Amino acid sequence: MKNQIGLQTAYWNGTIPELDIFQIIDLTKKANMDIIELKAGDFVSFTSEKRRELRKYIEDAGLHITINGTGLRPERDVSSSDPVSHEAGVKHLCHMLDLSAEMGAKLFSGIPYGLWNTRPDGENIAEIKKIRTENAIRGLRRVARHAEKTGVTLCLEIVNRFEQYTANTAEEGITMCEAIDSDACKLLLDTFHMNIEEDYIPDAIRTTHEKGYLGYIHLGESNRRIPTGKKKSNIDWNAISKTIDEIGFEGPLVMEPFVLHQSSSAKSISLWRKMKEADDIEGLVNDAATGVKYLKNL
């Protein structure tokens with residue numbers, strides 16, 4: 001694949017010793033990445049001066065930036081029927097778009113249409129989903145207009161049924177994008193989530209691209225490891241690569257692996273076993289570099 005390949009900073013969360021964001025940038029570059037995907041927590045608390053320093057450090061390393069993590073909470077949720085929470089969610093997402101532009105990112109992704117790791121708050125699931133979706137679309141229309149002004153594309157990440165319920169398939173995501181009706185609103189598709197929800201991953205990618213809503217793609221094995229081609233896989237990487245080539249998709253492909261069971265995100269992503277030694281930082285680098293080489297050679 002000729003696309004730029006990236007790696008999310010959450011991959012390094014939980015190492016021993018703990019790494020700061022600048023060390024993570026160095027290791028990401030060492031692994032031969034084209035892109036570093038920042039989590040919101042990597043920079044939101046920084047001063048403007050510190051964010052400028054971080055952006056320059058990344059650019060000097062020759063890396064491009066994508067940003068993942070919308071940070072909605074019950075008190076700021078665009079899918080909420082509570083007007084205060086809904087409005088706070090819109091304001092927060094617009095702020096995140098401003099920060100993304102400040103960091104030089106062209107793509108800002110996550111779950112802006114509702115809360116992550118949540119379940120319907122009642123028994124009438126269809127009605128709850130309908131109301132939540134309508135609320136989200138109403139708010140995201142305003143957020144998307146702001147995205148147009150910032151030059152940053154808002155990408156709705158489509159996740160599996162165990163993490164959200166509003167949009168679990170590319171088809172549901174496309175329907176949301178059509179209702180939002182903005183060139184600055186697209187989808188982030190993820191092979192891990194698609195492996196659970198889609199009938200056939202290449203078809204989901206193709207359809208989303210043909211509809212004009214494919215922002216970029218997250219790559220990961222069905223167990224969230226880095227795809228390296230060294231073992232048999234549940235995911236048909238050759239078919240995915242062929243589809244990306246056939247449709248002429250030139251956007252980023254970002255790996256989002258989770259392999260450290262003691263990371264702060266392990267519980268939230270349901271990682272209950274050791275998949276990599278926390279002190280094997282060189283091994284983490286080698287795995288990531290192997291993944292880049294494998295994907296680029298597909």
Side-chain angles (χ1 to χ4, degrees), residues 1 3-16 18-19 23-24 27-39 42 66 68-69 109-110 116-117 157-163 168 188-198 200-202 204-205 216-244 252-298:
M1 289 186 280
N3 307 63
Q4 290 189 327
I5 307 295
L7 181 65
Q8 191 180 104
T9 58
Y11 174 62
W12 309 98
N13 185 261
T15 60
I16 299 174
E18 184 178 353
L19 304 169
Q23 292 171 309
I24 287 173
L27 293 174
T28 302
K29 181 62 178 178
K30 186 177 180 181
N32 301 319
M33 298 294 162
D34 304 304
I35 299 165
I36 185 168
E37 178 153 284
L38 301 176
K39 297 297 288 184
D42 292 327
T66 59
N68 177 263
S109 65
W116 181 48
N117 269 350
E157 182 169 6
I158 306 304
V159 299
N160 71 76
R161 68 189 71 185
F162 305 110
E163 298 184 24
N168 299 132
L188 164 57
L189 299 182
D190 185 310
T191 59
F192 167 75
H193 299 293
M194 287 192 286
N195 182 63
I196 297 171
E197 298 293 349
E198 302 292 350
Y200 188 54
I201 292 174
I205 293 172
Y216 72 113
I217 302 173
H218 270 175
L219 302 180
E221 292 285 8
S222 60
N223 57 5
R224 311 208 83 157
R225 289 187 188 274
I226 286 175
T228 62
K230 290 187 174 183
K231 298 180 180 179
K232 291 181 179 179
S233 171
N234 294 324
I235 295 178
D236 191 339
W237 293 108
N238 286 309
I240 290 171
S241 175
K242 182 181 178 182
T243 299
I244 288 172
L253 308 175
V254 177
M255 292 186 284
E256 188 191 28
F258 293 96
V259 296
L260 298 178
H261 77 290
Q262 66 277 69
S263 71
S264 60
S265 57
K267 183 177 180 180
S268 59
I269 57 102
S270 301
L271 178 56
W272 311 118
R273 59 191 171 92
K274 183 184 294 186
M275 299 179 74
K276 193 77 176 177
E277 295 294 338
D279 60 353
D280 187 13
I281 294 175
E282 196 60 36
L284 289 167
V285 173
N286 290 337
D287 287 350
T290 301
V292 172
K293 184 177 180 181
Y294 171 64
L295 294 169
K296 285 186 177 289
N297 286 332
L298 283 174

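These numbers were taken from a predicted model, which means no experiment stands behind them.
- Although no hydrogens or angles enter the test, the distance criterion places a donor-acceptor pair under 3.5 Å between the side chain of Asp42 and the main chain of Lys39.
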Met255/Met33 under side-chain contact (heavy atoms from CB on, under 4.5 Å): CA gap, chis, key distance, verdict: CA-CA 10 Å; Met255 292 186 284; Met33 298 294 162; 3.3 Å; yes
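- Going from atom CD1 of Ile201 over to atom CG of Asn195 covers 5.0 Å, rounded to the nearest 0.5 Å.
- Contact record, Ala31 with Val292: O-CG2, 3.7 Å, taken as the closest heavy-atom pair.
- Glu221 is listed as a side-chain neighbour of Pro227, based on a closest heavy-atom distance under 4.5 Å.
- In this structure, OH on Tyr200 lies 9.5 Å from CD1 on Ile205, to the nearest 0.5 angstrom.
- Within the 4.5 Å cutoff, the side chain of Tyr216 has no heavy atoms near those of the Asn3 side chain.
- For the pair Leu188/Asn68, a side-chain contact is recorded, criterion being any heavy-atom separation below 4.5 Å from C-beta on.
- Residues Ile244 and Leu253 are in side-chain contact: their nearest non-hydrogen atoms beyond the backbone lie under 4.5 Å apart.
- Inspection of the Ser268 and Asn117 side chains reveals no N or O donor paired with an N or O acceptor under 3.5 Å.
- For the atom pair OG1 of Thr228 and CG of Leu295, the computed distance is 9.5 Å after rounding to the nearest 0.5 Å.
- With contacts defined as side-chain heavy-atom distances shorter than 4.5 Å, the pair Leu298/Ile240 does not qualify.
- Under the 3.5 Å distance criterion, the side-chain polar atoms of Glu256 are left unmatched by any main-chain donor or acceptor of Gly220.
- At least one side-chain heavy atom of Lys30 sits under 4.5 Å from a side-chain heavy atom of Glu282.
- Contact record, Ala289 with Asn32: CB-ND2, 4.2 Å, taken as the closest heavy-atom pair.
- For Tyr11 (side chain) and Thr28 (main-chain N/O), no donor-acceptor pair under 3.5 Å exists by modelled atom type.
- Here the closest heavy-atom approach between residue Arg161 and residue Ile196 is recorded as NH2-O, 4.2 Å.
- A cation-pi geometry, defined here as NZ or CZ lying under 6.0 Å from the six-membered ring centre and within 45° of its normal, does not hold between Arg224 and Phe258.
- The two residues Ile16 and Ile281 have their closest heavy-atom pair at O-CD1, 4.1 Å.
- A pairwise comparison of heavy atoms in Met1 and Ser241 identifies CG-OG, 3.2 Å as the closest pair.
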Audit row: Leu284, Thr15, side-chain contact (heavy atoms from CB on, under 4.5 Å) steps and yes/no: CA-CA 9 Å; Leu284 289 167; Thr15 60; 3.7 Å; yes
Could you check Asn160 against Glu163 for side-chain contact (heavy atoms from CB on, under 4.5 Å), going step by step and ending with a plain yes or no? CA-CA 6 Å; Asn160 71 76; Glu163 298 184 24; 3.4 Å; yes
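- Here the OH atom belonging to Tyr294 is positioned 13.0 Å from the CD1 atom belonging to Ile226, to the nearest 0.5 angstrom.
- Ile158 places none of its side-chain heavy atoms less than 4.5 Å from the side chain of His193.
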Between Gln4 and Thr66, is a side-chain contact (heavy atoms from CB on, under 4.5 Å) present by the stated rule, with each step listed? CA-CA 12 Å; Gln4 290 189 327; Thr66 59; over 6 Å; no
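- Once rounded to the nearest 0.5 Å, the distance linking CZ of Phe192 with CG of Asn223 reads 8.5 Å.
- Shown here for Thr243 and Pro202, the closest heavy-atom pair between the two residues is OG1-CB, 3.2 Å.
- Taking 4.5 Å as the limit, some side-chain heavy atom of Pro257 sits within range of a side-chain heavy atom of Leu7.
- One finds the CD1 atom of Ile24 at 8.5 Å from the CD atom of Glu18 (value rounded to the nearest 0.5 Å).
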